[in-house]
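Quick note on labels: first sequence line is chain A, next is B, and so on, each numbered from 1.
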Amino acid sequence: MSKQKAVDNFERWAQLVQSIAETRGSNAKIELCANYLAQLSPSQLALACQYMGEGAFSNISGKRASIGSRTIGMAAADYCKIDYDIVFKACRTATGSSTETIQRLFENLTETRQKNILRHWDLAHISELAEKLAQTRARKDKQRILTRIWSGLSPLASKYFVRLLSQGSLRIGFESRSILQALAKIYEVDYEQLRYAHMLTGSIAKTAELVSTHSLDQAQFKLFNPIAFMLAAPIQSRSVKDWDTFIAEEKFDGMRCQLHAYGSKVELFSRDLNVVSNQFPELVDSFAIKDLPPVVLDGEICVFRESIIQPFQDLQKRMGVKKPTQALLSKYPVVFIGYDVLFLERESTVKQPLTQRRISIEKLSKTYKFPISSQHAVSSKKQVEQLFEQALAHGNEGLMLKQKNAPYSFGERKNHWLKVKQPSGSIDTVILYAQAGSGKRGGSYSDFTLGVSVKNDARYEEEFIPIGKAYGGYTDQEWKQLNKAIKGCIINRFGPTAQLHPEIVVELEFEAIQPNPRTKAKYTLRFPRFKAIRWDLSPSDVDSLEHVEMLFEEHQSKKRNPQKSSHSFLKPE
DNA sequence: TTTGTCTGCCC
DNA sequence: ATTCTGC
DNA sequence: GCAGAATGGGCAGACAAA
């Protein structure tokens with residue numbers, strides 16, 4: 001009995017998390033969390049925070065459970081002795097959540113209740129169990145271990161154990177920011193100071209440990225430990241009046257990269273702070289021979305061949321390849337284009353204004369001969385438009401506008417950096433299928449398969465064929481209207497998917513049209529989203545596949561300008 | 001061995 | 001990545 | 001003004017099935 005009441009019990013943690021999930025308002029959530037955390041010893045506190053904010057594994061551990069929703073769902077169905085496709089999926093469609101489904105099935109089926117013997121594991125043991133899952137390779141073995149774990153946990157704790165297996169948030173409206181606020185409250189420290197420590201350590205667990213032992217000052221920037229990237233918000237062009245407080249750079253369609261270097265040691269990190277050095281050995285080698293002082297650069301990796309920046313799809317062929325062959329390296333040669341410096345010699349430069357950081361990176365670029373972005377002073381909207389066109393002509397996505405006097409706001413998306421893009425286009429499509437969503441969208445149709453017309457197309461027998469899926473760009477009100485309209489045109493159901501009579505016309509916006517031989521249409525859209533529901537149009541107004549092909553050809557025929565008379569980036573010789 | 005499915009991680 | 005919503 | 005939630009396409013790699 002006493003064991004059951006122990007504060008370090010995972011069951012107790014799960015109950016706390018559940019009550020946070022059910023509580024409205026972030027201050028009330030923080031209060032609940034703080035009261036709970038205050039009872040824990042430093043090591044338990046660290047784990048409790050880590051589970052709430054980062055999952056079963058600390059962000060800096062690099063570990064993954066590598067178990068996806070399908071494997072888990074199948075295991076749950078097996079454990080409950082129900083059919084995965086018919087019962088589990090239907091239940092998930094109704095609740096909008098796999099883990100919610102797991103909790104309810106486990107609560108309500110006698111079958112599972114009989115197998116269930118509460119083991120009252122403590123927080124540390126949960127880590128060991130997750131570790132075991134991570135170390136197991138085969139999906140079948142993972143499933144076996146998972147069901148054994150479930151048999152020792154309550155249905156509620158089982159739900160949250162599964163959520164711990166995916167990285168990041170528990171989806172209870174309570175993320176690392178709130179956890180830090182709870183910690184700030186308990187230990188009466190400044191929230192900004194905690195956030196800074198969190199950035200430096202890269203881990204909630206470590207930050208909690210430091211604050212609870214009153215040693216926050218031990219959080220120090222360490223070279224080769226990445227820090228969170230500064231992010232950009234889309235521009236609301238009318239809101240910008242004081243153009244001259246910004247500078248402009250072209251927005252590269254590549255891969256964000258943080259480069260740490262000191263002497264012959266070089267490490268590259270992706271946007272999610274994963275190590276990607278192995279994927280780009282030629283970059284590592286080229287920086288290693290420069291013998292740089294201790295430095296951290298922010299920049300972009302792009303494929304660059306014959307003086308032309310190549311499309312993102314080319315880069316994708318390199319991104320996931322951990323041991324690239326020489327042939328691959330020469331087929332898709334890459335550059336690192338620097339545009340910011342976060343650390344130099346002995347000190348962090350993130351608090352300096354951009355102009356000052358720019359002076360540093362220009363000097364570094366000149367001395368050590370590496371490419372940096374071209375920067376332009378701007379003074380008017382018209383000039384921004386000109387630069388925008390030039391960026392597109394170079395094959396880039398658009399522009400970045402950066403406030404000259406802004407610091408490097410690591411891990412935040414503020415209006416200090418604005419991205420200027422322009423949707424590539426839009427087409428009128430018709431809804432062919434609808435699927436229920438998850439979370440707050442559970443139980444209603446929220447994800448739509450959209451089609452273009454092939455009525456007069458000799459290559460196809462159908463009237464419409466799918467061109468893409470979209471789930472956003474509509475408001476909650478439009479979502480309700482859509483669901484009402486859909487009820488009247490369902491002609492078939494395949495599990496959670498409803499096939500609709502083609503009636504509802506949607507103007508679909510996208511960033512690009514990509515050829516894809518694996519789909520029926522042979523083309524797909526990049527970043528498709530609703531632009532408008534066209535209640536005023538009928539299926540006969542829907543654009544044809546030929547129209548899509550024409551748009552693609554039109555775009556394809558535009559040549560990417562080589563980096564000759566004008567430059568997206570500067571490379572000192 | 002070959003082909004298909006699932007997963008993670010880029011955008 | 002994108003978008004909308006809630007705080 | 002910002003964080004959070006819910007979702008898109010495409011690629012390589014790991015494992016499963018044929």
Side-chain angles (χ1 to χ4, degrees), chain A residues 24-30 64-74 96-97 136-142 165-178 181 231-234 236 239 251-257 270-274 276 279 300-302 311-324 328 332 397 409 411-416 419 421 423 435-442 444 446-450 467-479 508-519 523-531:
Chain A
R24 293 285 140 241
S26 46
N27 287 336
K29 286 172 191 261
I30 290 166
R64 303 281 185 281
S66 287
I67 183 167
S69 60
R70 197 173 169 86
T71 309
I72 292 169
M74 297 259 215
S97 154
T136 305
R137 315 292 294 231
R139 284 202 274 270
K140 281 254 164 64
D141 294 333
K142 282 180 194 281
L165 296 178
S166 56
Q167 280 180 284
S169 124
L170 287 172
R171 306 246 156 140
I172 54 170
F174 194 77
E175 310 246 324
S176 59
R177 186 188 166 85
S178 301
Q181 282 177 353
L231 303 173
Q236 322 284 327
S239 72
K251 186 179 189 305
F252 303 102
D253 191 10
M255 178 184 166
R256 193 80 182 269
C257 178
S270 69
R271 201 187 113 127
D272 282 1
L273 310 184
N274 295 305
V276 291
Q279 283 90 322
E300 194 94 359
I301 297 175
C302 292
F312 178 71
Q313 265 187 311
D314 282 6
L315 183 63
Q316 272 188 301
K317 302 205 166 74
R318 293 276 317 260
M319 285 187 322
V321 184
K322 286 189 186 125
K323 285 181 194 159
L328 196 70
Y332 303 109
E397 282 190 300
S409 316
E412 291 182 320
R413 190 187 299 280
K414 288 195 168 164
N415 284 341
H416 297 150
K419 50 182 138 186
K421 291 172 77 167
Q435 273 181 292
S438 60
K440 76 165 193 169
R441 291 178 168 185
S444 297
S446 64
D447 191 353
F448 306 97
T449 302
L450 299 136
I467 188 71
K469 287 175 80 186
Y471 56 88
Y474 49 77
T475 63
D476 279 9
Q477 202 194 345
E478 287 172 317
W479 175 40
L508 195 63
E509 195 173 56
F510 51 85
E511 294 306 314
I513 299 171
Q514 303 160 326
N516 182 339
R518 290 190 301 274
T519 62
Y523 292 93
T524 53
L525 306 175
R526 191 179 185 194
F527 305 139
R529 68 265 184 185
F530 281 47
K531 189 177 181 196

- C1'-based separation of B:dC10 from D:dT7 [nearest Å]: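 Going atom to atom, C1' in each nucleotide, I get 16 Å.
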Using the test side chain to side chain contact (heavy atoms under 4.5 Å, CB included), find all partners of [X] that sit at least two apart in sequence or belong to another chain.
{"X": "A:T449", "result": "A:Y433, A:P466, A:K469"}
{"X": "A:K251", "result": "A:E397, A:M400, A:K419, A:K421"}
{"X": "A:N516", "result": "A:R518, A:T519, A:T524"}
{"X": "A:K29", "result": "A:I20, A:T23, A:R24, A:F174"}

- Outermost nucleotides of DNA chain D that come under 4.0 Å of a non-hydrogen atom of chain A: D:dC2 to D:dA17
- Message: Heavy-atom nearest nucleotide on DNA chain D for A:A138 versus A:H416: which residue maps closer to 5'?
- Response: A:H416
- Message: On DNA chain D, does the nearest nucleotide to A:Y523 precede the nearest nucleotide to A:L170 from the 5' side, or the other way round? Give the residue.
- Response: A:L170
- Query: Between A:K469 (NZ) and C:dT3 (C1'), how many Å, whole number?
  - Reply: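 Result: 17 Å.
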Between protein and nucleic acid, restricted to nucleotides 8-11 of chain B and to nitrogen or oxygen atoms under 3.5 Å apart, what atom pairs and distances do you find?
from   : atom 1 : to     : atom 2 : distance (Å)
B:dC9  : OP1    : A:R64  : NE     : 2.8
B:dC9  : OP1    : A:R64  : NH2    : 3.1
B:dC9  : OP2    : A:R64  : NE     : 3.3
B:dC9  : OP2    : A:Q167 : OE1    : 3.2
B:dC10 : OP2    : A:S270 : OG     : 2.8
B:dC10 : OP2    : A:N274 : ND2    : 3.2
B:dC11 : OP1    : A:R256 : N      : 2.8

- Message: Tell me every residue that passes side chain to side chain donor-acceptor pair (under 3.5 Å) with A:S409, counting only those two or more places apart in sequence or in another chain.
- Response: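 Expected list: A:H416.
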- Under the side chain to side chain contact (heavy atoms under 4.5 Å, CB included) criterion, do A:Y471 and A:R441 qualify, and how do the steps go? CA-CA 10 Å; A:Y471 56 88; A:R441 291 178 168 185; 4.0 Å; yes
Please name all residues satisfying salt bridge (charged side-chain N to carboxylate O under 4.0 Å, His left out) with [X], sequence neighbours left out, ordered by chain then number.
{"X": "A:R318", "value": "A:E282"}
{"X": "A:R139", "value": "none"}
{"X": "A:K140", "value": "none"}
{"X": "A:D476", "value": "A:K440"}

Which part of the nucleic acid does [X] contact within heavy-atom distance under 4.0 Å: base, sugar-phosphate only, or nothing?
{"X": "A:K29", "value": "nothing"}
{"X": "A:E511", "value": "nothing"}
{"X": "A:L315", "value": "nothing"}
{"X": "A:R139", "value": "base"}
{"X": "A:K421", "value": "sugar-phosphate"}

Output one line per pair: protein atom, nucleotide atom from nucleotides 4-7 of chain C, and distance, for all N/O pairs under 3.5 Å.
from  : atom 1 : to     : atom 2 : distance (Å)
C:dT5 : OP1    : A:D476 : N      : 2.9

- Item | Minimum-distance pair of heavy atoms, taken over all atoms of A:F312 and A:G254 |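 Closest heavy-atom pair between A:F312 and A:G254: CE1-O, 3.7 Å.
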